[in-house]
Amino acid sequence: MNDVFELRSADAAGRIGELRVPRSDTIVETPALMPVVNPNLQTISPARLEDEFGAEICITNGYIISQSDYREEALSTGLHEFLDFSGAIMTDSGSFQLAEYGDIEVTSAEILDFQYRIGSDIGTPIDIPTPPEAGRERAADELATTQDRLESIQDVDTGEMLVNAPVQGGVHTDLRERAARDARATGLDIHPIGAAVPLMNAYEYGTMVDVIAAAKRGLGPSSPVHLFGAGHPMMFALAVALGCDLFDSAAYALYARDDRYLTVRGTERLPELEYLSCECPVCVAHTPDELRAMPDDERETRLAEHNLYVSFGELRRIKQAIRRGNLLELVEARARGHPAMLDGYRALLDHADQLEREDPASKDAFFHLSSESARRPEVRRHHERLARLSVGGEILLTEGDTNAAYDESWRVVPPFGPFPRALSETYPLTAEVPERLDDAAYEAAASGVAKLVEANLDAEFTLAHRDWPERALETVPERVRRAPLESMDEYEERGEDEP
Ligand code: GUN
Ligand code: ZN
């Protein structure tokens, strides 16, 4: 167990946790959003972020401060007083700036020491954000440099400051997994997954999911994970479901600067809006025309406020979903808001076995909402159980009633497939399923039948189904007798034995 991070509730690989930040003597509830504070051009003061929006933690750039006119002020007063923020403050190292301007004079140790001296609560060494287009060799080289730097800071006196150990590796998932294992082995406190920004900007959410899943395999479940540069609320639920705990948003301010309005279904442009479809105080008090008529700085502030309300609101929704156990339903709803998020959700389900390992055994009712639901970890877990169940005799697997002509009559519910009637009230078999099911649900149920049948070669099975599609029936093993349910009901009504 990581000694600064404690897990409270979980759903899929998502979790509510408590990050203990000793230097500011604060506890940050995760998943948490860290608004980016840029002392040069801050539209909304850190004090407002804390008091009005409930930010428990923010992030600022230590390198930019070290190069600025207020460097000495930050050193003498300390970051908390300098920014006027009493919660936890994370500092970034300026890796992007350093990569751009190639300042080879400063070392990771010096950069981290400066962050310590200005009173940062969580510091970051210099990592190399390897872009997605980088080939394996370059990604591996840069990773080795990042890892050397992580080792080079072991002797820096950082007192009670927590230290980030970033995970890089570009889009090469084996490198990401190895980097994550190495980052964890440093014993440092928090693990940011780096260089995801270009993937998110290009709407490559499928690749982003694969990268996060790889990093999580290397990190294990106990480390707090920060998804560097992730500030769009439409992807928070997806990233949380994979096990990300911290997000930083520069988006709320950057987007406001050029009239972009964040929503959980994507980004809108103020010039194109006729209505403000949001319940926040800004949107309730103004029409789009009123916002458009404001002076630039006032409009920018109002849009930044809206962007923050939406972002923090989505995080509260996510935490409530984790408590209820319906985080994947929320991810699914977000996947329906934007095709790029559907790619992300489908990629997430490619890792259903990985999610299944952290997913709690019991939650609120499973809602089957689309063909993707059939690939959820709960379905997978049920199928693994079926493969271990042992039965004998003549077994009826039926979507209808019990039939005394068989030794046992099991229920069959798509997408789960068969289960003994006694389990009807246990999770996830209490699922709410639509009457008009998709083919994927039947196919998943059929593969559940196959798992059970293949594990019980001595038993005889009959499947009584309500007109399953041919593709699903093809998945049912040959030796299972099929009995379309209408005909069985008729025979029962006439009091005859079925044929
Ligand atoms: N901000 C966004 N992405 C990154 C990253 O990969 N590394 C650092 N240090 N900061 C970031
Ligand atoms: Zn709003």
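We number each residue from 1, following the sequence as shown. All values reported here derive from a predicted model rather than from experimental measurement.
Using modelled atom types, one side-chain atom of His191 and one backbone atom of Ala165 make a donor-acceptor pair closer than 3.5 Å. Remark: the backbone N or O of Ala10 is not paired with any side-chain donor or acceptor of Arg15 at under 3.5 angstrom. Between the Arg184 side chain and the Leu219 main chain, a donor and an acceptor come within less than 3.5 Å of each other. With hydrogens and angles disregarded, no donor-acceptor distance shorter than 3.5 Å links the side chain of Glu432 to the backbone of Ala365. A distance-only check finds no donor-acceptor pair linking the side chain of Ser9 to the backbone of Ile16 [under 3.5 Å]. Side-chain atoms of Arg381 come within 3.5 Å of backbone atoms of Glu356 as a donor-acceptor pair (strictly under, hydrogens ignored). No donor-acceptor pair under 3.5 Å is formed between the side chain of Arg336 and the backbone N or O of Ser370.
Partners of Glu305 by salt bridge (charged side-chain N to carboxylate O under 4.0 Å, His left out), not counting sequence neighbours, listed by chain and number: Arg48, Arg302.
For the residue pair Asp438/Ser371, the side-chain donor-acceptor check at 3.5 Å is not satisfied. Counted by atom type alone, Glu56 and Thr26 present zero donor-acceptor pairs between their side chains at under 3.5 Å. Side-chain contact annotation: Asp127 with Gln168, donor-acceptor N/O pair under 3.5 Å present. Side-chain contact check for Ser373 and Glu332: at least one donor-acceptor pair (N or O, by modelled atom type) lies under 3.5 Å. Inspection of the Thr43 and Glu300 side chains reveals no N or O donor paired with an N or O acceptor under 3.5 Å.
Listed here is the closest heavy atom pair of Phe85 and Pro46: CD1-O, 3.4 Å. The shortest non-hydrogen separation linking Pro131 to Arg138 is CD-NH2, 3.3 Å. Considering all non-hydrogen atoms of both residues, Leu227 and Ala239 come closest at CD2-CB, 4.0 Å. Heavy atoms only, all atoms of each residue included: Asp11 and Leu327 are closest at OD2-N, 2.7 Å. Closest non-hydrogen pair, Leu199 versus Met208, comes out as CD1-CA, 3.9 Å. In plain terms, the two heavy atoms of Tyr427 and Phe366 that are nearest each other are CE1-N, 4.0 Å.
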Please step through salt bridge (charged side-chain N to carboxylate O under 4.0 Å, His left out) for the pair Asp259 and Arg299, ending with a clear verdict. CA-CA 8 Å; Asp259 277 347; Arg299 184 176 66 250; 2.9 Å; yes
Assess the residue pair Arg217 and His351 against the criterion (side chain to side chain contact (heavy atoms under 4.5 Å, CB included)); give the C-alpha distance rounded to whole Å, side-chain angles, the decisive distance to 0.1 Å, and a yes or no. CA-CA 11 Å; Arg217 286 194 295 278; His351 302 286; 4.0 Å; yes
Tell me, with the steps shown, if Arg317 and Glu314 meet salt bridge (charged side-chain N to carboxylate O under 4.0 Å, His left out). CA-CA 5 Å; Arg317 204 172 288 119; Glu314 179 71 348; 2.5 Å; yes
With salt bridge (charged side-chain N to carboxylate O under 4.0 Å, His left out) as the test, would you mind laying out the steps for Arg375 and Asp350 before giving the verdict? CA-CA 8 Å; Arg375 294 173 62 212; Asp350 291 342; 2.4 Å; yes
Output, in order, the C-alpha distance, side-chain angles, deciding distance and verdict of side chain to side chain contact (heavy atoms under 4.5 Å, CB included) for Ser152 and Thr107. CA-CA 9 Å; Ser152 78; Thr107 67; over 6 Å; no
Yes or no on salt bridge (charged side-chain N to carboxylate O under 4.0 Å, His left out) for Glu6 and Arg8, after CA distance, side-chain angles and deciding distance? CA-CA 7 Å; Glu6 210 166 295; Arg8 291 277 179 252; 2.9 Å; yes
Please test Ile122 against Asp189 for side chain to side chain contact (heavy atoms under 4.5 Å, CB included), starting from the C-alpha separation and ending with a verdict. CA-CA 9 Å; Ile122 306 169; Asp189 306 287; over 6 Å; no
Tyr309 and Cys283: CA distance, side-chain angles, deciding distance, side chain to side chain contact (heavy atoms under 4.5 Å, CB included) verdict: CA-CA 10 Å; Tyr309 280 121; Cys283 297; over 6 Å; no
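Here the options are Thr124, Ile153, Thr146, Val156, the test is side chain to side chain contact (heavy atoms under 4.5 Å, CB included), and the partner is Ser108; only Ile153 passes.
Taking a 6.0 Å sphere around CD of Gln154, one finds it holds more than 12 heavy atoms contributed by other residues, nucleotides or ligands.
Under the 6.0 Å cut-off for aromatic ring centres, His338 and Tyr205 do not qualify, their centroids lying 6.0 Å or more apart.
Side-chain contact between Ser311 and Pro233: present, with at least one pair of heavy atoms (C-beta onward) separated by less than 4.5 Å. Side-chain contact between Leu238 and Met341 is present, with heavy atoms from C-beta onward closer than 4.5 Å. At a threshold of 4.5 Å between non-hydrogen side-chain atoms, the residues Ile44 and Phe53 count as touching. Annotation: side chain of Leu276 is in contact with side chain of Pro288 (closest heavy-atom distance under 4.5 Å).
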